[in-house]
Amino acid sequence: MPELPEVETVKETLKHQISGLFITKVVVYYDKMMSQAVAQALSGQQILTMNRLGKYIIFNLTNLDLISHLRMEGRYFIKTDEPVLKHEHVVFHLSNGQTLRYHDTRKFGTFDLKTKDQTYTTPPLSKLGKEPFDLNPEDFYNRLKQSKKPIKTALLDQTIVSGIGNIYADEILFASHVQPLRRADKVTKKEATWMIERGKGILESAIEAGGTTIRTYVSSLGVTGRFQLTLMVHQRKDEQCYICGDQIQKVVVGGRSSFYCKTCQKR
DNA sequence: TTTGCCTCCTGCGGGC
DNA sequence: TGCCCGCAGGAGGCAA
Ligand SMILES: [Zn+2]
């Protein structure tokens with residue numbers, strides 16, 4: 001599932017591919033994905049630029065903002081007049097004859113259309129906490145102090161810190177030597193600081209990796225922003241820890257699969 | 001108030 | 001080989 005780095009890559013790619021173009025028509029093939037009213041309102045809007053906040057992509061239009069969330073499987077493809085595929089649910093027709101296709105096998109992605117004054121002052125964006133890049137470790141620590149839920153769940157809570165998903169949450173906890181089930185209010189200031197500082201490094205590396213593979217993905221697999229990065233623990237159940245050799249454990253925390261090394265993450 | 005469970009949707013893998 | 005079942009997963013909604 002795309003997290004902050006992958007979404008950043010998608011946003012940057014789209015920015016270079018479609019900025020300046022006008023949306024001439026929007027066709028919806030799965031009604032629940034986008035209302036007719038929204039589709040019609042998009043006609044005639046120019047795509048001025050693309051922005052991102054947390055895991056949300058923002059199409060900055062003439063006098064509206066379209067907020068797109070990819071959830072687990074959402075992808076964008078830029079095509080011309082090829083047949084519309086089974087999982088292409090929304091097709092944006094553009095002023096240069098190309099089409100932007102929103103592809104989503106699970107149909108979990110969302111679109112929200114906002115007037116400019118409502119974009120950041122109403123949900124979903126108004127509820128977002130800061131990204132790790134902007135979050136002061138001390139503020140993060142103080143916020144964790146107020147929460148009794150497991151730290152893994154807190155890291156996934158977009159109102160506490162935005163942009164982190166299941167994969168990077170596991171990686172950040174490993175890098176900070178903290179077990180996923182530890183209560184958030186039991187995390188020390190040192191550990192909270194590690195989570196922010198090392199979290200930033202992990203996300204930055206992933207963004208950088210995305211930048212290097214961007215062309216391959218645009219041409220072959222669409223604008224997914226996905227790329228292979230070496231993961232220390234996520235999805236590595238029963239494999240050896242790269243640091244100590246111990247077996248990676250899997251636990252379910254808040255309904256989410258979580259992976260950790262019980263030796264490197266003692267508490 | 002805060003927390004946690006359920007829901008959406010469909011491809012995939014395991015079991016027989 | 002093919003069918004059936006259960007699972008995974010962001011975030012919103014709702015119940016406790
Ligand atoms: Zn280890």
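So that the names make sense, note that chain A is the first sequence line, chain B the second, and so on, each numbered from 1.
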Using whole Å, what does the distance between atom [atom2] of nucleotide [N] and atom [atom1] of [X] come to?
| X | N | atom1 | atom2 | result |
| --- | --- | --- | --- | --- |
| A:L4 | C:dA11 | CG | P | 11 Å |
| A:M33 | B:dC8 | CE | P | 15 Å |
| A:E73 | C:dG9 | CD | P | 11 Å |
| A:M34 | B:dC8 | CE | C1' | 18 Å |
| A:F108 | B:dC9 | CZ | P | 7 Å |
| A:I164 | C:dG9 | CD1 | P | 17 Å |
| A:R71 | B:dC8 | CZ | P | 13 Å |
| A:L85 | B:dG11 | CG | P | 13 Å |

Original post:
Under 4.0 Å between a side-chain N or O of A:H87 and OP1 or OP2 of B:dC9?
Top reply: no

Original post:
Quick one: is B:dT10 close enough that its OP1 or OP2 comes under 4.0 Å of any side-chain N or O from A:K86?
Top reply: no

Subject >> Member of A:F111, A:F92, A:F59 meeting the ring pair (Phe, Tyr, Trp, His ring centres under 6.0 Å) criterion with A:Y102 >> reply: A:F111

Subject >> Test applied, side-chain contact (heavy atoms from CB on, under 4.5 Å); reference residue, A:T193; option that passes from A:E191, A:E197, A:K190 >> reply: A:E197

Original post:
With the threshold set at 4.0 Å, does a side-chain nitrogen-carboxylate oxygen contact exist between A:K107 and A:E73?
Top reply: no

With the side chain of [X] defined as its heavy atoms from C-beta on, choose the nearest nucleotide among [options].
| X | options | answer |
| --- | --- | --- |
| A:S257 | C:dG9, B:dC8, B:dG11 | C:dG9 |
| A:R256 | B:dT10, C:dA11, B:dG4 | C:dA11 |
| A:M72 | C:dA11, B:dC9, C:dG9 | C:dG9 |
| A:Y30 | B:dC9, C:dA11, B:dG4 | B:dC9 |
| A:K107 | C:dG9, B:dT10, C:dA11 | B:dT10 |

Subject >> Derivation of the side-chain contact (heavy atoms from CB on, under 4.5 Å) call for A:I151 and A:V253 >> reply: CA-CA 9 Å; A:I151 182 62; A:V253 183; over 6 Å; no

**OP:** Verify whether one side chain among A:K152 and A:N166 offers a donor that lies under 3.5 Å from an acceptor in the other.
**Re:** yes

**OP:** May I ask you to list the residues of residues 109-148 of chain A, by number, that have any heavy atom positioned under 4.0 Å from an atom of DNA chain B?
**Re:** A:S147, A:K148

Subject >> Distance, nearest 0.5 Å, that separates OG of A:S258 from CD of A:Q249 >> reply: 12.5 Å

Subject >> Spatial distance of atom CD (A:Q158) from atom CG (A:L128) [nearest 0.5 Å] >> reply: 6.5 Å

Subject >> Partners meeting ring pair (Phe, Tyr, Trp, His ring centres under 6.0 Å) with A:F22 (sequence neighbours left out) >> reply: none

**OP:** Give the intermediate values and the outcome of side-chain hydrogen bond (donor to acceptor under 3.5 Å, both in side chains) for residues A:N96 and A:Q98.
**Re:** CA-CA 6 Å; A:N96 65 350; A:Q98 290 185 315; 2.9 Å; yes

Original post:
Contact class for A:N166 (heavy atom, under 4.0 Å): base, sugar-phosphate, or nothing?
Top reply: sugar-phosphate

Subject >> Residue pair A:T99, A:V84: steps toward the side-chain contact (heavy atoms from CB on, under 4.5 Å) verdict >> reply: CA-CA 10 Å; A:T99 54; A:V84 175; over 6 Å; no

Original post:
For the helix from B:dT2-C:dA16 to B:dC16-C:dG2, how many degrees between its two end axes (five pairs per end), to the nearest 10°?
Top reply: 50°

